[in-house]
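Below you'll find the structure, written out as structure tokens, and then a few comments.
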Amino acid sequence: MRKGYQGTGPGAITPDGCAVELYSRLPIGTEPEIIAAAIPPRAHILELGCGVGRMTHPLLERGFTVTAVDESAEMTDRVLGARTVRSPIEELELGERFDAVLLASFLVHAGDAEVRRGLLRTCLRHLAPGGVVLIQREGEDYHTDVPRERVDPAGFTVRIASDEPIGDGVHRVRCEYLFPDAEWTQTFLSRPLTKEQFEDALSEVGLQVDRYLTEDRIWVRAVAATTGEEFSTSSSQNRLASDSD
């Protein structure tokens with residue numbers, strides 16, 4: 001278990017506190033559509049932190065080739081139809097380059113800044129010339145109005161039970177997932193990043209924002225700082241330009 005991370009509930013728990021059985025139950029939202037609109041058709045995607053394949057499988061169905069990476073064998077065992085690699089993301093060295101690298105699940109907000117740098121360096125290290133990195137950020141109100149909860153249409157409740165600043169800009173967050181027949185919790189460390197701090201974090205490893213893909217700026221398309229102008233896609237009408245501030 002990674003320091004500061006914890007998980008409870010039925011089944012296997014990964015080093016970052018994720019419950020494999022829980023993630024096998026969670027539905028996927030609009031993420032596959034956002035990703036598909038931001039990259040060329042049939043692109044080869046390197047998915048970092050694939051989990052049980054909640055995004056892997058819809059991307060495969062859309063005709064993409066996916067290499068799916070996770071540090072948990074219990075997670076990758078549930079990924080079907082994709083090449084899987086078991087490795088901590090920050091240590092990954094495939095010696096290959098991809099059209100698109102996917103870093104979802106708010107991983108860019110790792111509490112340890114050096115881990116964050118390692119994650120982003122892995123993205124850049126595996127990026128083909130003209131390729132893109134797709135990153136999922138926390139919402140800008142993620143650490144406010146806590147505790148809060150929502151009831152999913154599928155019939156379970158997700159609760160952000162606590163969000164505690166513990167120093168050096170890091171928060172300890174506890175989430176609860178309540179199903180009629182089971183409950184899980186996950187406690188993890190998160191470093192909130194403003195838009196400016198996020199862009200600085202990209203810059204320090206040689207990446208830069210190419211486009212914010214959603215109005216809330218949760219989904220971002222980034223490129224290598226020296227090759228950003230080489231990438232183009234016919235789906236540009238589906239993406240939103242970064243605001244000018």
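Source: prediction; values computed, not measured.
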Side-chain donor-acceptor pair under 3.5 Å between Q208 and S203, yes or no?
no
Below 4.5 Å, heavy atoms only, C-beta onward: do L119 and V108 meet side chain to side chain?
no
Taking the side chain as everything from C-beta on, heavy atoms only, tell me whether T8 gets closer than 4.5 Å to T187.
no
Quick check: is F98 connected to V220 through a chain of hydrophobic side chains (ILVMFWY, heavy atoms under 4.5 Å apart)?
yes
Any heavy-atom pair between the side chains of E140 and T194 that's under 4.5 Å?
no
Determine, step by step, whether E204 and L202 satisfy the side-chain contact (heavy atoms from CB on, under 4.5 Å) criterion, reporting the C-alpha distance in whole Å, the side-chain angles of both residues, the deciding distance to 0.1 Å, and the verdict.
CA-CA 6 Å; E204 70 176 341; L202 296 186; over 6 Å; no
Steps toward side-chain contact (heavy atoms from CB on, under 4.5 Å) verdict (D99, I39):
CA-CA 8 Å; D99 303 317; I39 61 177; over 6 Å; no
Distance (rounded to the nearest 0.5 Å) between E90 CD and E114 CD:
9.5 Å
If you take all heavy atoms of V173 and S190, which pair is closest and at what distance?
CG2-CB, 4.3 Å
Side-chain donor/acceptor of R174 to backbone N/O of S162, under 3.5 Å:
no
At their closest point, which heavy atom of S87 faces which heavy atom of V69, and how far apart are they?
O-CG1, 3.7 Å
Within a strict 4.5 Å, meaning less than it, do heavy atoms of the L193 and H109 side chains meet?
yes
State whether the side chain of Q186 and the backbone N or O of D16 hold a donor-acceptor pair below 3.5 Å, judged by distance alone.
yes
In terms of hydrophobic clusters joined by side-chain contacts under 4.5 Å, are L207 and V209 together?
yes
Hey, can you pull the donor-acceptor pairs under 3.5 Å for the side chains in residues 44-58, sequence neighbours left out?
unit_1: H44; atom_1: NE2; unit_2: T67; atom_2: OG1; d: 3.0
unit_1: E47; atom_1: OE1; unit_2: T56; atom_2: OG1; d: 2.5
unit_1: R54; atom_1: NE; unit_2: L26; atom_2: O; d: 3.2
unit_1: R54; atom_1: NH2; unit_2: P27; atom_2: O; d: 2.7
unit_1: H57; atom_1: ND1; unit_2: G53; atom_2: O; d: 3.1
unit_1: H57; atom_1: NE2; unit_2: L80; atom_2: N; d: 2.9

Is there a path from V158 to V146 through hydrophobic residues (I, L, V, M, F, W, Y) whose side chains come within less than 4.5 Å of each other?
no
For V115 and A110, work out which heavy atoms get closest and say how close.
CG1-CB, 4.0 Å
What's the shortest heavy-atom distance between A201 and R116, and which atoms?
CB-NE, 3.6 Å
Mind checking salt bridge (Lys or Arg N to Asp or Glu O under 4.0 Å) for R191 and listing every partner two or more places apart, or none if nothing turns up?
D168
Transitive ILVMFWY side-chain link V20 to M1, under 4.5 Å:
no
Min side-chain heavy-atom separation S24-R78 under 4.5 Å
yes
Could you state the interatomic distance from CD (E164) to NE2 (H171), rounded to the nearest 0.5 Å?
10.0 Å
Taking the six-membered ring where the residue is Trp, are the ring centres of F179 and F156 under 6.0 Å apart?
yes
Does atom CZ of R62 have more than 12 heavy-atom neighbours, drawn from other residues, nucleotides or ligands, at distances under 6.0 Å?
yes
State the CG-CZ distance between D210 and R221, to the nearest 0.5 angstrom.
4.0 Å
Side-chain donor/acceptor pairs under 3.5 Å, residues 122-135, sequence neighbours excluded:
unit_1: T122; atom_1: OG1; unit_2: I89; atom_2: O; d: 2.9
unit_1: T122; atom_1: OG1; unit_2: G118; atom_2: O; d: 3.0
unit_1: T122; atom_1: OG1; unit_2: R125; atom_2: NH2; d: 2.9
unit_1: R125; atom_1: NE; unit_2: L92; atom_2: O; d: 3.4
unit_1: R125; atom_1: NE; unit_2: E93; atom_2: OE1; d: 3.4
unit_1: R125; atom_1: NE; unit_2: E93; atom_2: OE2; d: 3.4
unit_1: R125; atom_1: NH2; unit_2: L92; atom_2: O; d: 2.8
unit_1: H126; atom_1: ND1; unit_2: T122; atom_2: O; d: 2.8
unit_1: H126; atom_1: NE2; unit_2: L94; atom_2: N; d: 3.0

Please list, chain by chain and in numerical order, all residues satisfying side-chain contact (heavy atoms from CB on, under 4.5 Å) with Q136, sequence neighbours excluded.
E31, A104, F106, I218, W219
Tell me, with the steps shown, if H143 and E138 meet side-chain contact (heavy atoms from CB on, under 4.5 Å).
CA-CA 9 Å; H143 295 275; E138 292 176 344; 2.8 Å; yes
Rounded to the nearest 0.5 Å, what's the gap from CG on D200 to NZ on K195? Could you check?
10.5 Å
Whether R137 side chain and R217 backbone form a donor-acceptor pair below 3.5 Å
yes
Of the non-hydrogen atoms in Y5 and G111, which two are nearest, and what is the gap between them?
OH-N, 4.0 Å
Who pairs with R25 by salt bridge (Lys or Arg N to Asp or Glu O under 4.0 Å), at least two apart in sequence or on another chain?
D181
Kindly write out the residues that satisfy side-chain contact (heavy atoms from CB on, under 4.5 Å) with V151, not counting sequence neighbours, or none if the list is empty.
T157
Value for CD (E71) from CZ (R86), rounded to nearest 0.5 Å, stands at 8.5 Å
P192 and Y142, any side-chain heavy atoms less than 4.5 Å apart:
no
Min side-chain heavy-atom separation E149-I160 under 4.5 Å
no
Tell me, do C175 and W184 make a side-chain contact under 4.5 Å, heavy atoms counted?
no
Decide whether L59 and I34 are clustered together by the hydrophobic rule: side chain heavy atoms of Ile, Leu, Val, Met, Phe, Trp, Tyr closer than 4.5 Å, transitively.
yes
For P88 versus R2, what's the shortest heavy-atom pair and its separation?
CB-NH2, 4.1 Å
With distance as the sole criterion, is a donor-acceptor pair present between the side chains of E74 and S72 under 3.5 Å?
yes
Over 60° means perpendicular and under 30° means parallel, so classify the ring planes of F198 and Y212, tilted if in between.
tilted
